[in-house]
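We're numbering straight along the sequence, starting at 1. The figures here come from the full heavy-atom set of this structure, side chains too, leaving out hydrogens, waters and symmetry mates.
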Amino acid sequence: MIVAFSVAPTETPDARAEMAEAVSEAVRVVRASGLPHETNAMFTLVEGEWDEVMDVVRQATEAVVAVSPRVSLVLKADIRPGVTGQLRGKVEAVDRILGPDTGATGGRPGDGDH
C-alpha cells in the first residue's frame with residue numbers, strides 16, 4: 001500500500017513558532033523507518049505493508065503531538081495487496097505516456113528546465 005499523509009500542529013507555543021520544526025520531526029520518523037518514502041510540499045508518501053505503514057504514520061503523528069497539544073492528520077491510501085514498487089512505478093507510467101520531452105520537473109509551462 002501507499003499512504004499519503006500530512007501531519008501538522010494546529011497549535012504552536014507562540015505566534016512566531018514555525019510548523020516546519022514539528023513537521024521535520026515527523027519526516028525524521030519516516031526516514032528512519034527504512035520504508036520507501038517521498039516528501040513533497042504538501043504530503044509525505046510511504047509504501048509498505050498495512051501494519052508497518054500505519055505504525056510509521058502513528059509514530060510520525062506522535063512526534064508532532066510531542067510539540068503541540070493539538071494536531072491535524074490528513075491521510076489517503078492506495079491499498080493493493082501484493083503490489084510493490086508503486087511509489088515510483090505510478091509516476092514512471094505517466095512519464096512513459098507523456099514522453100521524454102515533457103519536462104517532469106513539475107514547473108509551470110514556459111519555465112523550462114534551466
Compare every heavy atom of Gln59 with every heavy atom of Val29, then report the nearest pair and how far apart it is. CG1-CB, 3.6 Å
How long is the span from the CE atom in Met19 to the OG atom in Ser68, to the nearest 0.5 Å? 8.0 Å
Which heavy atom of Val46 sits nearest a heavy atom of Val56, and at what distance? CG2-CG1, 4.5 Å
Test salt bridge (charged side-chain N to carboxylate O under 4.0 Å, His left out) applied to Arg88 - qualifying residues, sequence neighbours left out: Glu38
State, to 0.1 Å, how close Gly85 and Glu47 come at their nearest heavy-atom pair, and which atoms those are. N-OE2, 3.0 Å
Are Phe43 and Leu75 connected in a single hydrophobic cluster, I mean Ile/Leu/Val/Met/Phe/Trp/Tyr linked by side-chain heavy atoms less than 4.5 Å apart? no
Is there a donor-acceptor pair closer than 3.5 Å between any side-chain N or O of Thr10 and the backbone N or O of Arg70? yes
Determine whether a donor-acceptor pair (N or O, by modelled atom type, separation under 3.5 Å) exists between the side chain of Gln86 and the backbone of Ile2. no
Can you tell me how far OG of Ser6 sits from CG of Asn40, rounded to the nearest 0.5 angstrom? 9.5 Å
Side chains of Thr39 and Thr44: do they bring a donor and an acceptor to under 3.5 Å? yes
Considering all heavy atoms of both residues, which atom of Leu73 and which atom of Phe5 are nearest to each other, and what is their separation? CD1-CD1, 4.0 Å
Given the rule in the side chain to side chain contact (heavy atoms under 4.5 Å, CB included) test, do Leu35 and Glu52 qualify, once you have shown the distances and angles that lead to the verdict? CA-CA 9 Å; Leu35 295 176; Glu52 60 191 2; 3.7 Å; yes
Flag yes if Val30 and Val65 sit in one hydrophobic cluster, no otherwise; membership is Ile, Leu, Val, Met, Phe, Trp, Tyr, and two members link when side-chain heavy atoms are under 4.5 Å apart. yes
Donor-acceptor check, side chain of Thr61 to backbone of Val57, threshold 3.5 angstrom: yes or no? yes
Do Leu45 and Trp50 land in one hydrophobic cluster if side-chain heavy atoms of ILVMFWY residues count as linked below 4.5 Å? no
Report the C-alpha separation of Val23 and Val7 in whole Å, then their side-chain angles, then the decisive distance to 0.1 Å, and conclude whether the side chain to side chain contact (heavy atoms under 4.5 Å, CB included) test is met. CA-CA 7 Å; Val23 171; Val7 60; over 6 Å; no
Going by the rule side-chain hydrogen bond (donor to acceptor under 3.5 Å, both in side chains), which residues pair with Arg58 if we only count those two or more places apart in sequence or in a different chain? Asp55, Glu62
Heavy-atom pair of closest approach, residues Ala26 and Val64: CB-CG2, 3.8 Å
Which atom names give the shortest non-hydrogen contact between Ile79 and Met1, and what distance separates them? CG1-CE, 3.6 Å
Would Arg96 and Val94 count as a side chain to side chain contact (heavy atoms under 4.5 Å, CB included) here? Give the steps. CA-CA 5 Å; Arg96 278 192 303 275; Val94 170; over 6 Å; no
Is Met54 reachable from Val71 through a run of I, L, V, M, F, W or Y residues, each pair having side-chain heavy atoms under 4.5 Å apart? yes
